[in-house]
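A quick write-up on the structure given underneath.
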Protein chains: 2
Amino acid sequence: MARRSDHTRDELKILVLDKAWQLIDSKGFEGLTARAIASEIGYAPGTIYNLFDSMDDLYLQINARTLDILYDTLSAPVCNNPGKPSQDNMKAMALAYMDFARDYHPYWLMLFNFRLPEDRKVQAWYQEKIDRLFEPLETLLQPMFPEAHERKMKMAARVLWSSVHGLCFLQETGKVSIVSQNDASSDIASNFLIETFLAGLHAND
Amino acid sequence: MARRSDHTRDELKILVLDKAWQLIDSKGFEGLTARAIASEIGYAPGTIYNLFDSMDDLYLQINARTLDILYDTLSAPVCNNPGKPSQDNMKAMALAYMDFARDYHPYWLMLFNFRLPEDRKVQAWYQEKIDRLFEPLETLLQPMFPEAHERKMKMAARVLWSSVHGLCFLQETGKVSIVSQNDASSDIASNFLIETFLAGLHAND
DNA sequence: CCCATAAAATGAACATCGTTCAATATTTTT
DNA sequence: AAAAATATTGAACGATGTTCATTTTATGGG
C-alpha cells in the first residue's frame with residue numbers, strides 16, 4: 001500500500017494528471033482509465049476518487065492543461081510580430097491553431113468531447129481560460145476598429161476565431177476535404193478565409 | 001422468442017434504427033444501448049449484432065439519417081428563394097443550420113462525436129452524404145464567380161460552411177458566448193459573418 | 001511510549017457497457 | 001419426416017466508472 005506521506009494531496013493530483021497525460025499520449029483517450037492511472041502510479045483505483053470528483057472532473061483538468069498550452073501557442077511571437085502586418089500575424093495564428101490541433105490531436109479533441117455533468121454550469125475559472133484564447137486575436141484586430149467599437153471588435157474576433165476553428169475541425173476530423181487531398185489545402189483555405197474576412201471588414205468601414 | 005418470420009432482415013434493421021432514434025430522443029445518447037433497443041423491440045441483445053457490425057456501425061446509420069434531414073433542411077425553399085438576394089438566402093441557410101443544431105441537438109452532436117473504427121476510411125456512400133451538404137450553398141455562391149473559377153467557388157463554399165459550423169458549434173456546445181448572453185447573439189454573429197465574407201469576396205474581385 | 005483520533009489508501013463489489021458464440025428455435029429444402 | 005440452413009437467444013467475458021466499508025498510516029495528547 002502506498003504510504004500517505006509519500007505525497008501531499010496536491011502533489012498526488014499533479015502525479016495523476018501527469019500520468020493521465022502520458023497515457024493519452026501513448027494509448028489515446030481510450031487508454032485513459034481510472035485503473036490504468038492508478039496502476040501506473042502505484043495506487044489503487046479508489047485513490048483517484050479521493051482526488052477528483054469523477055473521471056469527468058479529471059478530463060476537465062486535462063482540458064485545462066490543454067487550454068493553457070493552446071494559449072501559449074497563440075501568444076507566441078510568430079503570431080504576434082509587431083513588425084509584420086496584422087494579416088500576416090493572423091494567418092500565422094490560424095496556422096498555429098491548425099498545427100496545434102494536429103500535434104496535440106487527442107488532447108485537442110477532448111476539448112470538444114467533454115460533456116458537462118448534468119445541468120451544472122461550466123466553472124468560472126474554466127470559462128476564463130476559454131475567453132482568454134480570444135485575446136491574441138483581439139489584439140491583432142484592435143487597430144482595425146475605432147475605439148468606440150470595442151464590442152464589435154470583440155464579436156469580430158470570436159466570429160473569425162470560430163470560423164478558423166470550424167475549418168480546422170472539419171478538416172482535422174476528416175469530415176470534409178476543403179479543396180483537394182493536397183496537404184496544403186487547409187493552409188490555402190485558412191489564408192483565403194482570413195484574406196476574405198479582412199477585406200470584408202475594410203469594405204464595410 | 002421472437003419468430004424469425006416476423007420481419008425480414010431489412011425490416012428489422014429499420015425497426016432497430018427507428019427505436020434507436022426514439023431512444024436518443026427520450027433518453028439522450030447515453031440511453032442508446034444495445035440492450036435498451038433489443039428490449040424495446042422484443043428481441044435479444046445478440047440480434048442487434050446480426051444486423052449491425054457493432055454499435056459504431058449503428059451510430060453511423062443514425063448519422064446517415066441525420067445527414068439526410070440536414071440536407072433537406074438546407075435545400076428548403078426558405079434558404080433558396082430565387083426571388084431574394086443570395087445574401088438573404090445565405091443568412092437564412094445559416095440560421096436554418098443553427099436551428100437544426102438546436103432542434104436535433106443529440107443527433108447533431110453525434111455527427112461529430114463519431115469515431116472511425118480504427119484506420120478504416122469512411123465509406124464512399126457516407127462521404128457522398130457529407131459532400132452533398134455543400135451543394136445548396138454552392139448554388140447560392142455560383143453567380144458570384146466566373147465559370148472558370150469553379151474550384152475557387154467550391155472552396156469558398158466549404159470555407160463559409162465551415163465557418164458557420166464553427167460559430168454554431170462553439171455556441172451550441174456552450175464553449176463561447178459570442179457577443180452576450182442574448183438569445184439573438186448567434187443570429188447577429190452569423191449575419192455579421194456572412195455580410196463580411198461576401199463583402200470580402202466582392203472586394204477581392 | 002502508548003493509545004485514541006483523524007486521515008488516507010484500499011480493493012472487492014455493483015451496475016453497466018459492448019461484444020461473442022455455443023446452444024436453441026424456427027424455417028426451408030430435400 | 002428428416003436434414004440442412006438460418007435466425008434468435010441469453011449467458012458469459014472483459015471492460016468500464018463508481019462506491020464505501022475496511023484497513024492502514026500518521027498525528028497529537030496524556
Side-chain angles (χ1 to χ4, degrees), chain A residues 1-21 23-24 26-63 106 109-110 113-118 120, chain B residues 1-17 19-20 23-24 26-63 106 109-110 113-118 120:
Chain A
M1 181 186 285
R3 333 199 84 230
R4 76 165 141 155
S5 54
D6 284 350
H7 308 94
T8 70
R9 189 182 163 84
D10 285 347
E11 282 174 353
L12 207 44
K13 269 190 153 183
I14 292 172
L15 195 64
V16 166
L17 288 175
D18 284 349
K19 193 53 76 176
W21 191 274
L23 275 170
I24 296 167
S26 57
K27 319 238 181 197
F29 176 70
E30 325 300 333
L32 180 64
T33 69
R35 285 175 178 79
I37 299 169
S39 145
E40 288 267 347
I41 63 172
Y43 280 77
T47 297
I48 308 290
Y49 289 84
N50 295 340
L51 303 165
F52 300 90
D53 292 342
S54 64
M55 285 303 280
D56 274 348
D57 183 23
L58 191 145
Y59 301 155
L60 190 71
Q61 306 298 328
I62 292 287
N63 284 351
L109 266 184
M110 279 178 68
N113 283 344
F114 179 72
R115 303 252 56 74
L116 296 178
E118 285 303 319
R120 291 195 38 148
Chain B
M1 180 187 285
R3 330 199 84 226
R4 75 165 143 158
S5 54
D6 283 350
H7 306 95
T8 68
R9 189 181 163 85
D10 284 348
E11 282 173 351
L12 207 44
K13 270 190 152 183
I14 292 173
L15 195 64
V16 166
L17 288 175
K19 192 54 75 177
L23 275 170
I24 296 168
S26 57
K27 318 236 180 198
F29 176 71
E30 325 303 334
L32 179 64
T33 69
R35 285 174 178 82
I37 299 169
S39 145
E40 288 266 345
I41 63 173
Y43 280 77
T47 297
I48 308 290
Y49 289 84
N50 295 340
L51 303 165
F52 300 91
D53 292 344
S54 65
M55 286 301 282
D56 274 347
D57 183 23
L58 192 144
Y59 302 155
L60 189 72
Q61 306 297 327
I62 292 288
N63 284 350
L109 267 184
M110 278 179 67
N113 282 344
F114 180 73
R115 304 252 57 75
L116 296 178
E118 286 301 319
R120 290 195 38 149

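Atom set for the values below is all heavy atoms of this structure, side chains included, hydrogens, waters and symmetry mates excluded. The shown structure was predicted, so the numbers you read here are calculated from the model rather than taken from an experiment. Note on naming: letters A, B, ... go to the chains in the order of the sequence lines (proteins, then strands), and numbering restarts at 1 for each one.
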Counting heavy atoms from C-beta on, name the nucleotide in [options] closest to the side chain of [X].
| X | options | value |
| --- | --- | --- |
| A:R4 | C:dA6, D:dG17, D:dT9 | C:dA6 |
| A:M1 | C:dA9, D:dA12, D:dT18 | C:dA9 |
| A:A34 | C:dT10, D:dG17, C:dA6 | D:dG17 |
| B:Y49 | C:dG11, C:dA13, C:dT20 | C:dT20 |
| A:R3 | D:dT25, C:dA9, C:dG18 | D:dT25 |
| B:Y43 | D:dG17, D:dT8, C:dG18 | D:dT8 |

Rounded distance (Å) that lies between atom [atom2] of [N] and atom [atom1] of [X]:
| X | N | atom1 | atom2 | value |
| --- | --- | --- | --- | --- |
| A:N50 | D:dG17 | CG | P | 16 Å |
| A:D6 | D:dT24 | CG | C1' | 13 Å |
| B:E30 | C:dA15 | CD | C1' | 16 Å |
| B:M55 | D:dT16 | CE | P | 19 Å |
| B:D56 | C:dC17 | CG | P | 16 Å |
| B:H7 | D:dT8 | NE2 | C1' | 14 Å |
| A:R35 | C:dA12 | CZ | P | 11 Å |
| B:F52 | D:dT8 | CZ | P | 13 Å |

At under 4.0 Å, does any side-chain N or O of [X] touch on OP1 or OP2 of [N]?
| X | N | result |
| --- | --- | --- |
| A:T47 | C:dA9 | no |
| A:S5 | D:dA26 | yes |
| A:T33 | D:dT16 | yes |

Regarding [X], tell me which of base, sugar-phosphate or nothing describes its non-hydrogen contacts under 4.0 Å with the strands shown.
| X | value |
| --- | --- |
| B:I48 | nothing |
| A:L51 | nothing |
| B:R9 | nothing |
| B:L12 | sugar-phosphate |

By nearest-heavy-atom nucleotide on DNA chain C, the more 5' of B:G31 and A:G46 is A:G46
Which residue lies toward the 5' end of DNA chain C, B:A2 or B:L32, if each is placed at its nearest nucleotide? B:L32
Minimum heavy-atom distance between [X] and [Y], given as atom pair plus value:
| X | Y | value |
| --- | --- | --- |
| B:L32 | B:M55 | O-CE, 4.0 Å |
| B:H7 | B:L15 | CE1-CD2, 3.9 Å |
| B:V16 | B:F52 | CG1-CE1, 3.6 Å |
| B:A38 | B:I48 | N-CD1, 4.2 Å |

Would you find a donor on one side and an acceptor on the other, under 3.5 Å apart, between the side chain of A:R35 and the backbone of A:A44? no
In Å and rounded to the nearest 0.5 Å, what is the CG to CG distance from A:L51 to A:D57? 10.0 Å
